[in-house]
Amino acid sequence: MVFLVISMLVVTGLGVAVVGVVAVPARRGGRDLLTAKGEGVARSARRRASTLGRPRTRTP
């Protein structure tokens, strides 16, 4: 079980390292990380997440 947990941590660390090696220089180079469709999905997710913290108004 310990081996499984350590393996998962190693794989996650490698994944973060790969994203860091690829995405950070691309972002600094001025390239967008997401496509136009991906930007739209992220924008709508941000909009939905911002409404989660607001209390609902009740209508009579």
field: Gap between atom CG of L9 and atom CG of L4 - 0.5 Å precision
entry: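 Those atoms lie 9.5 Å apart.
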- prompt: With hydrophobic residues grouped by side-chain heavy-atom distances under 4.5 Å, do M8 and V16 end up in a single group?
  reply: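 No, it is not one cluster - the side chains of M8 and V16 are not joined through contacts under 4.5 Å.
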R48 vs S44, side chain to side chain donor-acceptor pair (under 3.5 Å): CA-CA, chis, key distance, verdict: CA-CA 6 Å; R48 280 184 271 138; S44 70; 3.3 Å; yes
